[in-house]
K.L.:
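One structure follows; several queries about it will come next.
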Amino acid sequence: MDILSLDDQLLVVNKPPGVLAQPDHTGDADVVTLGKERLAEDAGEPFLGPVHRLDRPASGVTVLARTTKAARRLSAQFRDRLVEKRYLVVVEGRLRGIGTWTDYVAKPGREPTLVAADHPDGKRAVLNWQALEAESDCTLLQVDLETGRPHQIRLQASHRGHPVVGDHRHGAQSSLETQAIALHHAVLRVDHPVTSRRETFVASPPGVWESATSEPMDAAVQRTLAHAVPPDGSDS
């Protein structure tokens, strides 16, 4: 994993596709274990707590807390929707312009799915999207999440006939490498848990995207990442 930022409170990494957010019964590679192994090179058995999660086949900015205080304060920011989350997503089909998608997500039988607004377990899911570049068979989107429901982007895009490239679980016909989809958490803005300074973390999409993007799309990705970084390299 590429380390984006490291201090005594935070470890921020660019999660590769196919890597779990935290350990599970499979014993496959996960962000928490890999992060602990990296930190243990410098000092003992470290504390490392995930405060948000990315789906296994997705990639991008992932924040881990190095203290219980940091974990508590960061989790509160995510819960209270005080963070800014921006994704780059390649979907099948052509989209133009901008828009907002509003749906409801529930987990009947533990599988996230879209449900009617009056479903007793439905939770409101809202995202804003902008088409950055379109080819004949796919579109690069910038997605800003207002909520963070399980599989939210994947479900909402598929529901409108534009599944994420490589996401066979939700109807995609196209493929990337094994265990990878074209869904990348590119930009995260969050208040540092101790200094309260607004921090911006930016991560480039993985190399596997090369099979799904054109040169114009790659240029749009780079513009988006460049514009996300404050002019002086830090937030005020």
K.L.:
Tell me the ring pair (Phe, Tyr, Trp, His ring centres under 6.0 Å) pairs involving residues 189-218, sequence neighbours left out?
P.N.:
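Ring pair (Phe, Tyr, Trp, His ring centres under 6.0 Å) check on residues 189-218 returns no pairs.
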K.L.:
Can you list every pair that meets salt bridge (charged side-chain N to carboxylate O under 4.0 Å, His left out) and has a residue in residues 82-99, with sequence neighbours left out?
P.N.:
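Applying salt bridge (charged side-chain N to carboxylate O under 4.0 Å, His left out) to every pair that reaches into residues 82-99, excluding sequence neighbours, yields E84-R189, E84-R198, R86-D144.
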K.L.:
So, does Q156 use its side chain to make a donor-acceptor pair with the main chain of W101 at under 3.5 Å?
P.N.:
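Here the side-chain-to-backbone pair exists.
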K.L.:
Are M217 and V208 connected in a single hydrophobic cluster, I mean Ile/Leu/Val/Met/Phe/Trp/Tyr linked by side-chain heavy atoms less than 4.5 Å apart?
P.N.:
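Linked, V208 and M217 end up in one cluster.
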K.L.:
Under the side chain to side chain donor-acceptor pair (under 3.5 Å) test, which residues partner H159, sequence neighbours left out?
P.N.:
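Here no residue qualifies.
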K.L.:
I would like to know whether T139 and E133 meet side chain to side chain contact (heavy atoms under 4.5 Å, CB included); could you show each step before the answer?
P.N.:
CA-CA 6 Å; T139 305; E133 192 70 40; over 6 Å; no
K.L.:
If we ignore hydrogens and angles and just use 3.5 Å, is the side chain of D7 paired with the main-chain N or O of Q9 as donor and acceptor?
P.N.:
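The answer is yes, because a donor-acceptor pair under 3.5 Å joins these two groups.
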K.L.:
May I have all residue pairs that pass side chain to side chain donor-acceptor pair (under 3.5 Å) and include part of residues 11-31, sequence neighbours excluded?
P.N.:
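Pairs touching residues 11-31 that pass the test: Q22-R53, D24-T26, T26-D28, D28-R56, D30-T33.
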K.L.:
Spell out, as yes or no, whether a donor-acceptor pair under 3.5 Å connects the side chain of S174 to the backbone of A172.
P.N.:
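The answer is no, because no donor-acceptor pair under 3.5 Å joins these two groups.
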K.L.:
Linking I/L/V/M/F/W/Y whenever any side-chain heavy atoms sit under 4.5 Å apart, do V90 and L132 land together?
P.N.:
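V90 clusters together with L132.
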K.L.:
Is any side-chain heavy atom of P163 closer than 4.5 Å to a side-chain heavy atom of R154?
P.N.:
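Not touching, per the 4.5 Å side-chain cut-off.
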K.L.:
Provide the closest heavy-atom pair for P17 versus A180 in the form atom of the first, atom of the second, distance.
P.N.:
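Taking P17 first and A180 second, the nearest heavy atoms are CB-CB, 3.7 Å.
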K.L.:
For H184 and G60, work out which heavy atoms get closest and say how close.
P.N.:
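Shortest heavy-atom separation between H184 and G60 comes out as CE1-CA, 3.4 Å.
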K.L.:
Any donor and acceptor pair, going by atom type alone, linking the side chain of S158 with main-chain N or O of H170 inside 3.5 Å?
P.N.:
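It does hold such a pair.
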K.L.:
Enumerate, atom names and distances included, each donor-acceptor pair closer than 3.5 Å involving a side-chain atom of residues 218-226, sequence neighbours excluded.
P.N.:
from : atom 1 : to   : atom 2 : distance (Å)
D218 : OD1    : T213 : OG1    : 2.7
T224 : OG1    : A220 : O      : 2.9

K.L.:
For E111, check salt bridge (charged side-chain N to carboxylate O under 4.0 Å, His left out) against everything at least two apart and list the hits.
P.N.:
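Salt bridge (charged side-chain N to carboxylate O under 4.0 Å, His left out) check on E111 returns R169.
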K.L.:
Apply side chain to side chain donor-acceptor pair (under 3.5 Å) to S204 and list each qualifying residue two or more places apart in sequence or on a separate chain.
P.N.:
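By the side chain to side chain donor-acceptor pair (under 3.5 Å) rule, S204 matches no residue at all.
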K.L.:
Excluding sequence neighbours, so at least two apart, what forms salt bridge (charged side-chain N to carboxylate O under 4.0 Å, His left out) with E135?
P.N.:
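Result, salt bridge (charged side-chain N to carboxylate O under 4.0 Å, His left out) vs E135: none returned.
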K.L.:
Taking atom CZ of R66 and atom NZ of K36, what is their separation to the nearest 0.5 Å?
P.N.:
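So the gap between those two atoms works out to 12.0 Å.
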K.L.:
Is the side chain of E37 donor-acceptor paired with the backbone N or O of L34 at a distance under 3.5 Å, no angle test?
P.N.:
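Such a contact is absent between E37 side chain and L34 backbone.
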K.L.:
For residues M1 and L20: do they belong to one hydrophobic cluster (side chain heavy atoms under 4.5 Å, members Ile, Leu, Val, Met, Phe, Trp, Tyr)?
P.N.:
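No, M1 and L20 fall in different hydrophobic clusters.
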K.L.:
Nearest heavy-atom pair of I153 and Y87: which atoms, and what distance?
P.N.:
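So the minimum-distance heavy-atom pair works out to CD1-CG, 3.6 Å.
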K.L.:
Are any of the side-chain heavy atoms of L39 and L6 separated by less than 4.5 Å?
P.N.:
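They are in contact (side-chain heavy atoms under 4.5 Å apart), so the answer is yes.
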K.L.:
To check you understand the geometry: which heavy-atom pair defines the closest contact between A212 and V165, and what is its length?
P.N.:
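For A212 and V165, the tightest heavy-atom pair comes out as CB-CG1, 4.1 Å.
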K.L.:
Are L48 and V19 co-members of a hydrophobic cluster defined by side-chain heavy atoms under 4.5 Å apart?
P.N.:
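Yes, it is one cluster - the side chains of V19 and L48 are joined through contacts under 4.5 Å.
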K.L.:
Tell me, please, which residues at least two apart from F78 pass ring-ring contact (aromatic ring centres under 6.0 Å, His included).
P.N.:
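H52.
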K.L.:
Are L10 and V61 grouped together when hydrophobic residues (ILVMFWY) are joined by side-chain heavy atoms under 4.5 angstrom apart?
P.N.:
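They do share one cluster, since a chain of ILVMFWY contacts under 4.5 Å joins L10 to V61.
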K.L.:
Identify all side-chain donor-acceptor contacts of residues 112-131 below 3.5 Å with residues at least two apart in sequence or on another chain.
P.N.:
from : atom 1 : to   : atom 2 : distance (Å)
H119 : ND1    : D121 : N      : 3.0
N128 : OD1    : T100 : OG1    : 2.7
N128 : ND2    : E146 : OE2    : 2.9

K.L.:
Mind listing the closest non-hydrogen atom pair of A228 and V202 along with its distance?
P.N.:
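Taking A228 first and V202 second, the nearest heavy atoms are CB-CG2, 4.1 Å.
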K.L.:
Is the backbone N or O of V187 less than 3.5 Å from a side-chain atom of H185, with the two atoms forming a donor-acceptor pair by type?
P.N.:
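Yes, because the side chain of H185 sits within donor-acceptor range (under 3.5 Å) of the backbone of V187.
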K.L.:
How long is the straight-line distance from CG of L54 back to CG of L183, given to the nearest 0.5 Å?
P.N.:
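If we round to the nearest 0.5 Å, L183:CG and L54:CG are 8.0 Å apart.
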K.L.:
Keeping the roles fixed (side chain from S75, backbone from V51), state whether a donor-acceptor pair exists under 3.5 Å.
P.N.:
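Not at all, since once roles are kept as given, no pair shorter than 3.5 Å links the two residues.
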K.L.:
Looking at V12, is its backbone amide N or carbonyl O close enough to the side chain of S5 to form a donor-acceptor pair, meaning the two atoms are under 3.5 Å apart?
P.N.:
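Here the side-chain-to-backbone pair does not exist.
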K.L.:
CG/L141 to CD1/I98 distance, rounded to the nearest 0.5 angstrom?
P.N.:
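It comes to 12.5 Å.
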K.L.:
Roughly how far apart are I181 CD1 and L176 CG, rounded to 0.5 Å?
P.N.:
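Answer rounded to 0.5 Å: 8.5 Å.
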K.L.:
Are the side chain of H151 and the backbone N or O of V105 linked by a donor-acceptor pair below 3.5 Å?
P.N.:
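A pair under 3.5 Å: no.
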K.L.:
With H162, which residues qualify under ring-ring contact (aromatic ring centres under 6.0 Å, His included), at least two apart?
P.N.:
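None.
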K.L.:
Could you work out, with side chain to side chain donor-acceptor pair (under 3.5 Å) as the rule, every residue matching R160, not counting sequence neighbours?
P.N.:
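D103.
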K.L.:
Which value, rounded to the nearest 0.5 Å, describes the distance between T62 atom OG1 and L4 atom CG?
P.N.:
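One gets 8.5 Å once the value is rounded to the nearest 0.5 Å.
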K.L.:
To the nearest 0.5 Å, what is the distance between CG on D167 and CD on Q173?
P.N.:
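Between D167 CG and Q173 CD, I get 11.5 Å after rounding to 0.5 Å.
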